[in-house]
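To find a chain, count down the sequence lines: A is the first, B the second, and so on, and within it residues start at 1.
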Protein chains: 2
Amino acid sequence: MSQNQNIRIAVDAIVFGYQNNKLYVLLIQQKFGAEKAYWALPGGLVKEDETLKEAVQRELKEETNVEINYFEQLYTFGDDVHRDSRNRVISVAYFALVDSSKFEIKADSDAEKVQWFEVKNIPELAFDHNLILQKGIERLKAKLTYQPIGFDLLPKEFLFSELENLYCTILEKEIDRRNFRKKILSFGIISETEHFSPVKTGRPAKLFKFNKPKYNALQDEGFHFEIKFA
Amino acid sequence: MSQNQNIRIAVDAIVFGYQNNKLYVLLIQQKFGAEKAYWALPGGLVKEDETLKEAVQRELKEETNVEINYFEQLYTFGDDVHRDSRNRVISVAYFALVDSSKFEIKADSDAEKVQWFEVKNIPELAFDHNLILQKGIERLKAKLTYQPIGFDLLPKEFLFSELENLYCTILEKEIDRRNFRKKILSFGIISETEHFSPVKTGRPAKLFKFNKPKYNALQDEGFHFEIKFA
DNA sequence: TTGAAAATGCGTATTATTTACACAAATATA
DNA sequence: TATATTTGTGTAAATAATACGCATTTTCAA
């Protein structure tokens, strides 16, 4: 068994945001390098003394200034031996959700460009990043139905109609508003707040918030979140 | 960003087998090396010109002589920087299911020992392999409920009671035999064969087989396999 | 030879969940 | 003051899950 490996290991992050009923992903464009013409997922090589998680967080902070709400490992891409033209690079992709209303993205000191791209309208990306993104979208869709992660894309307080639109948009399905509300409320994991919507059309709506402690407690009792649609 | 990385990349395989109503995992013991006293998951370093998949398949063939029915990437373990005492090693763990009745395991030329261990009775393993195995068990339990992978642990033709016991054993739950049968049959993805069980107690039972083409066809129409229990 | 034991195979009543759909309430605006 | 718009609450019908009962077909032992 050869001890002489010349394989590099990188991390890439798929950061999803949601705004105005649209799903976005965060992309960067490097000013230098072989793939500088292409937009790419934020990421880079792992340092020798940092964990994979730390590597992702460092790269995101360096490159994009985002604050992450949710964060998990997605998949390791290492079956295309020539995915990077220079050296063999294996990339561990991570999947993150942010409340994009909470901050402004900004490019880092290397003068990289950073931009939200609507997921329905993604250009050709560097390396195999289109493939990685595709896998991220699949995971997002799947996870939305069996884990309460939709809240991590919304502001702390949100309208029921916003939550409903988020589900419709991402899953690309129609939902009956009334049944959706009934189902979510039946879980008991979201609470009414005292606040009302700032929107000035139609009947004023209460703002709700996700009750995470309650969710954790229910989970310990064996509760499973699940949203399904025909 | 440093180009001088000294991180090695390995693959490890969690190979599950099922026999006599018990779930097993395949472990090896190396004759040489720092961790030679411990049993470990089969695996090893990835070669420079092979994909991750190829690496797993090669290691399994070299080390254990198994034939795999099902095979998927599980998780990449790289957050414990010192998981291997010699160098930093990041391991991509794979998850495999085999019909253990189909072959005999045998140790390879390096005279490694290979053995099935019952999952309920696992010794302390090398490196962080207990943790990896734990994650594999979780994946198996979860996946069993929403993908028809239980069949990959059974012989081509099997009894309904064997399938039922497999679910009970792995999920550690009681199932109503009659409702289970009704539900599985309602999917239309398993077919009766002409053959009968060789068991010589009680009423003779038909052998069934998984109809994979039918399953694929149904899946294209939007069918989702799902087995749930209270 | 016959009855008990063991396991399969089929069915039905009850309960819970999902789906479809109706309408009143509260606000802005014309 | 009427209309448009969006929120909030039900209720009836259809579908699916659950809890059982019991006949059938074999082996084995009395």
Side-chain angles (χ1 to χ4, degrees), chain A residues 20-21 144-146 154-155 157-169 171-209 218 221-230, chain B residues 20-21 144-146 148 154-155 157-169 171 173-209 218 221-230:
Chain A
N20 299 117
N21 297 338
L144 215 51
T145 68
Y146 67 87
L154 291 175
E157 304 197 344
F158 53 85
L159 300 174
F160 238 110
S161 53
E162 291 176 323
L163 185 64
E164 178 203 327
N165 277 318
L166 184 147
Y167 271 85
C168 291
T169 304
L171 299 180
E172 299 173 289
K173 285 192 176 161
E174 303 248 312
I175 309 177
D176 183 279
R177 183 176 61 84
R178 296 154 292 186
N179 291 337
F180 178 79
R181 186 189 180 103
K182 203 188 319 177
K183 175 129 201 181
I184 297 274
L185 283 176
S186 75
F187 295 153
I189 59 173
I190 78 161
S191 323
E192 271 183 34
T193 70
E194 303 296 309
H195 310 137
F196 278 79
S197 143
V199 182
K200 286 284 167 255
T201 168
R203 174 171 172 174
K206 287 176 201 145
L207 286 162
F208 292 83
K209 63 181 179 192
L218 282 170
E221 296 169 25
F223 165 77
H224 284 279
F225 179 88
E226 186 160 31
I227 298 284
K228 281 197 292 191
F229 306 104
Chain B
N20 299 118
N21 297 338
L144 214 51
T145 69
Y146 65 88
L154 292 175
E157 305 198 344
F158 53 85
L159 300 174
F160 238 109
S161 54
E162 291 176 322
L163 185 63
E164 179 204 326
N165 276 318
L166 184 148
Y167 271 85
C168 292
T169 305
L171 298 180
K173 284 191 176 162
E174 303 248 314
I175 309 176
D176 183 278
R177 183 175 60 82
R178 295 153 292 186
N179 290 338
F180 178 78
R181 185 188 180 104
K182 205 188 316 180
K183 174 128 199 183
I184 297 273
L185 283 175
S186 76
F187 294 153
I189 58 173
I190 77 162
S191 322
E192 271 183 35
T193 69
E194 303 296 309
H195 311 137
F196 277 79
S197 140
V199 181
K200 287 285 167 254
T201 167
R203 175 173 170 173
K206 286 176 202 146
L207 286 163
F208 292 83
K209 63 180 179 194
L218 283 170
E221 296 169 24
F223 165 77
H224 285 278
F225 178 88
E226 187 161 30
I227 298 283
K228 282 197 292 193
F229 305 104

Check your understanding: B/S197 near the nucleic acid: base, sugar-phosphate alone, or nothing, with a heavy-atom cut-off under 4.0 Å?
Key -> nothing
Exercise for review: Send over the distance from B/K228 NZ to D/dA16 C1', rounded to a whole Å.
Suggested key: 10 Å
Practice item. Quickly work out the A/E174 CD to C/dA20 C1' distance and round it to whole Å. Key: 14 Å
Exercise for review: Report yes if the side chains of B/N21 and B/L166 come closer than 4.5 Å at any heavy-atom pair, otherwise no.
Suggested key: no
Point to revise | Between P of C/dG9 and CZ of B/F160, the distance in whole Å | key: 9 Å
Point to revise | Results of ring-ring contact (aromatic ring centres under 6.0 Å, His included) for B/F196 - residues two or more places apart only | key: none
Review point. Is there a side-chain contact between A/F208 and A/T193, using heavy atoms and a 4.5 Å cut-off?
Key: no
Practice item. Would you mind reporting whether A/I227 and A/I184 have side-chain heavy atoms less than 4.5 Å apart? Key: yes
Practice item. Output the distance between atom OH (B/Y146) and atom CD (B/E226), rounded to the nearest 0.5 Å. Key: 10.5 Å
Review point. Rounded to the nearest Å, what distance is computed from the CZ atom of residue B/F225 to the C1' atom of nucleotide D/dA16?
Key: 16 Å
Revision key, fill the gap. In B/H195, B/K206, B/K209, the residue satisfying side-chain hydrogen bond (donor to acceptor under 3.5 Å, both in side chains) with B/E157 is B/H195
Check your understanding: Roughly, in whole Å, what's the span from CZ in B/R203 to C1' in D/dT25?
Key -> 6 Å
**Study point:** Short side-chain N/O contact from A/S161 to OP1 or OP2 of D/dT7, under 4.0 Å
**Key:** yes
Check your understanding: A/F208 has an atom CZ; how far is it from atom P of D/dT7, in whole Å?
Key -> 10 Å
Check your understanding: B/K200 has an atom NZ; how far is it from atom C1' of C/dA5, in whole Å?
Key -> 17 Å
Check your understanding: Can you list, by residue number, the residues of residues 175-195 of chain A that have a non-hydrogen atom closer than 4.0 angstrom to DNA chain D?
Key -> A/R177, A/R178, A/R181, A/K182
Review point. B/K206 NZ to C/dT8 P: how many Å, rounded?
Key: 13 Å
